[in-house]
Every structure is written in structure tokens, then in C-alpha cells.
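If you're wondering where the values come from, they're calculated on a predicted model, not measured in any experiment. Counting starts at 1 for both ligands and their atoms, following the listed order. All residue numbers in this chain count up from 1 along the given sequence.
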Amino acid sequence: MACADTDAHKGKLFAARHGIARVYADYRQMLDRENPDLVSVCTWHPLHAEMTIAAAARRPKAILCEKPMATSTGEAEAIMIACQRNGVKLAIGFQRRFLPAWVKARELVLGGAVGRPERVMHTRRTGLLNAASHGFDCMRYLLGDLAVEWVFAQVERKTDRYERSVRCEDCVGGHLRFEGGVQGSFQTDLVEEDKWALVQGSEGMVDFDDGWVRYLNAQTRGWREVKVGELDPMAAQAQELVDWIEGRVEHRNRAENGMWTMQMMMGAYESARCHEVVRLPMQTRVKPLDLMVESGQLLVERPGRYDVRSFLLGGEAMRLEV
Ligand SMILES: NC(=O)c1ccc[n+]([C@@H]2O[C@H](COP(=O)([O-])OP(=O)(O)OC[C@H]3O[C@@H](n4cnc5c(N)ncnc54)[C@H](O)[C@@H]3O)[C@@H](O)[C@H]2O)c1
């Protein structure tokens, strides 16, 4: 096992924690020397495309790239092409799909506990590409990975806000329509209460978080709690990658699902940019939020760049005891 980090201090800490023998400063050198079977790309999102494409060129058996897959659908597309051409399996790190509560909620929805799914709602206090990317992924996961037909959204960005060096919005809200007619809605940075995906059907509702699930319908006479076990979702995600390589299953986080999440998020920005319903998959491949800011369509009214993840910064003696 080996790891690469441009910050020597962080690289050493990571290696010590996970019993890793060799630490590199240059990830390309690591790929060339180690010839790995599995690669985990876990840098900030602007590096996901460059690193995943470089890793794919060395033909490992599989790559696990962290969420969000990239910062634009164009980058995500380039990643998929590189992996397909090199015959490399690619999964995106939406490990929450392995949490027993998420799995149970999905079973309830797909098993008919709420009748025919009609509406799904996601609310989150952090930006679209951050935790809300799990929420967008979750909406599709609960509905059996349905395609998304369109997105219609509004975006506010009056402060110069970034997340892990990626330009982000102050808040966003909107609607989606899934294949078959299920309606979705989402809000980020607008609510106190976080919901990954509250599902309402013709006969009831499913509500859950990472550690619990409850549902109601005509038989339950109010909310019925369902017991769920515990499991390390990161380990389960990695195990499924091995099972996928060995042909036992298809990975639930395969890149096609990560791409749908990119389409939904970038589609929301594009809808705000064009003031229209955006049909998915869309043709715009750059990040529409950047277009809006750079063209002056979305003006910063309270200047001063800041990053909501500035506490992660290292290097230049900013020591992190991670
Ligand atoms: N799946 C999840 O639930 C989850 C949770 C947290 C973070 N993430 C994702 O993981 C990614 C990393 O986030 P984080 O919070 O772990 O960041 P982090 O800052 O803790 O770690 C990133 C590391 O990358 C290193 N790095 C930067 N440039 C590099 C380069 N060129 N070569 C090698 N190493 C380099 C940094 O020094 C740092 O140690 C993000 O995309 C984030 O969205 C996913």
C-alpha cells in the first residue's frame, strides 16, 4: 500500500494511521512505481478529473473517486471516457448508500410500503456540491436509480463563497421530475432541519436519517420505527468494489450514478442561469455557476472571498492533527 500527498506532514499522518509503508509527494510517481490494483482519489474536487484520468491511464482494476465526481459535467464525462477506454471500473464515493438505514428506507419505498412514490424532498444546510450531493444521490437511490427528466431551480450568491476551493452558492432551491412522474424538491442553506430524502407515496411516507428509519401508512396507525443495524459504509463500499472486480455484483456507486448527480446539480445551476426548465442529460458541459459569476449575471454584493472548508487547509506550517 502507498499514498501520495503534496503536504508531507499530512501524508505522514495518513500513512501512520493506516499502516502505509510508502508516501510519495508526486501521485504520478506513485502510480508508476506502485502499479496499484485499486486507486482511491480523495483530494478536493478540482483535482478529481486530472487524477482519475491519470490513474485510469495506468490501468488499475478499479478507481474509487470521492464525491462530487468533478466540478462540471464536462470533467465528469472526460473521467468516464478515460475509464471506459482503459477498461477501468469506476465508482464514486457515495458511501452512504451502504448505511443500513438508507438500505432499509430504499427497501420500504421499492417494496411498496408507501404505495406509489409521488414526491421526494431533500433539504440540507451545506452547499450543492458538498453534502447536498449525497442528498441528490439519495433521492435517486431511494427511487431505484430512476433517470431524471428535468430540473428547475433558483440560485442566490451575494457573498464570494467557496467550498474546498470550488466556487459555491449562498443557497439554492428547486424542483426535479423523475422518470415516471415522481416529483422532487430540494433546498440547501435555507433550512434548520436536514433531510436526505423524505419520500411521500400514494399510501404513506418514509422518513430516515443515517441511524434510523420510520414509515407510516394505513396499517401502521402512525409512525412505525424500524430497527437498523450498524455497519461501516466506507468498508462496505470498498468490499463491493472488490466484489465488482471479481464479477459478483455491479457496484451501486458505479460512475453512471455519480454522473446523474452531476447532471442534477449542474442542471440546477443551468436552470438559474437560463431561467428555464433544463432537460437532462443536458448539453452544457462547463459549470454554469462560474459562467453566471464571470459574466456578471450573478454579482457579489458583500465582497471578500471565503471558504467554508478553510479549516482543512494545510501546508506552510498550518499543522493539522488529523
Ligand atoms: N464521501 C464522503 O462522505 C466525503 C466526506 C468528506 C470528504 N469527501 C470528499 O473527499 C475529497 C477530499 O476532502 P477532504 O475533506 O478529505 O480534504 P482534505 O483537505 O482533508 O484532504 C485532501 C488531501 O489532498 C492533499 N492534496 C492536495 N493536492 C494534492 C496533490 N496534487 N497530490 C496529492 N495530494 C494532494 C492535501 O494535502 C490533503 O491532505 C473532497 O472531494 C470531498 O468532497 C467525501
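Less than 4.0 angstrom separates some heavy atom of D7 from each of these atoms of ligand 1: 37 (O). In the vicinity of L47, heavy-atom distances shorter than 4.0 Å reach the ligand 1 atoms 28 (N), 29 (C), 31 (N). Using a 4.0 Å cut-off to heavy atoms of M51, the atoms of ligand 1 that qualify are 30 (C), 31 (N), 32 (N), 33 (C). Every atom of ligand 1 with a heavy atom of Q95 under 4.0 Å away is listed here by number and element: 1 (N), 2 (C), 3 (O). Against a heavy-atom cut-off of under 4.0 Å, K10 is close to the following atoms of ligand 1: 19 (O), 37 (O), 38 (C), 39 (O). Within ligand 1, counting atoms from 1 as listed, the ones closer than 4.0 Å to a heavy atom of C42 are 11 (C), 12 (C), 22 (C).
The side-chain tip of R33 does not point at the ring of Y24 from less than 6.0 angstrom away and within 45° of straight on. Judged by a 6.0 Å distance limit and a 45° cone about the ring axis, R97 is not positioned over the six-membered ring of W102.
Under 4.0 Å from ligand 1, not a single heavy atom of R309 appears.
The ring of Y306 has its center no closer than 6.0 angstrom to the ring center of Y162.
Taking 4.0 Å as the cut-off, P68 counts as a neighbour of ligand 1 on heavy-atom distance. Residue contact check for ligand 1: H48 places a non-hydrogen atom closer than 4.0 Å to it.
Residue nearest to atom 44 (C) of ligand 1, selected from E50, R28, E66, M30: E66 (by heavy-atom distance). Of the candidates M234, R164, H134, it is R164 that places a heavy atom closest to atom 14 (P) of ligand 1. Comparing Q237, K67, R96, E163 against atom 43 (O) of ligand 1, the shortest heavy-atom distance belongs to K67. The heavy atom nearest to atom 34 (N) of ligand 1, out of those in L13, D5, I92, V166, is found in D5.
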| Could you go step by step and tell me if S72 and Y269 meet the side chain to side chain contact (heavy atoms under 4.5 Å, CB included) rule? | CA-CA 11 Å; S72 68; Y269 288 148; over 6 Å; no
| task | Dump the intermediate steps for side chain to side chain contact (heavy atoms under 4.5 Å, CB included) on Q29 and D32, then the final yes or no. | result | CA-CA 5 Å; Q29 200 175 64; D32 287 335; 5.9 Å; no
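Atom CZ of R248 has more than 12 heavy atoms from other residues, nucleotides or ligands within 6.0 Å.
Ring geometry for W196 versus H134: interplanar angle over 60°, hence perpendicular rather than tilted (30 to 60°).
Looking at every heavy atom in both residues, E270 comes nearest to T284 through OE2-OG1, 2.6 Å. Minimum interatomic distance between S133 and F94 (heavy atoms only, all atoms of both residues): O-CE2, 3.4 Å.
At under 3.5 Å, not a single nitrogen or oxygen of Y27, backbone or side chain, sits near a nitrogen or oxygen of ligand 1. Any N or O atom pair closer than 3.5 Å counts here, and G93 shares at least one such pair with ligand 1.
Note that the CZ atom of F152 and the OG atom of S185 stand 14.0 Å from one another [nearest 0.5 Å].
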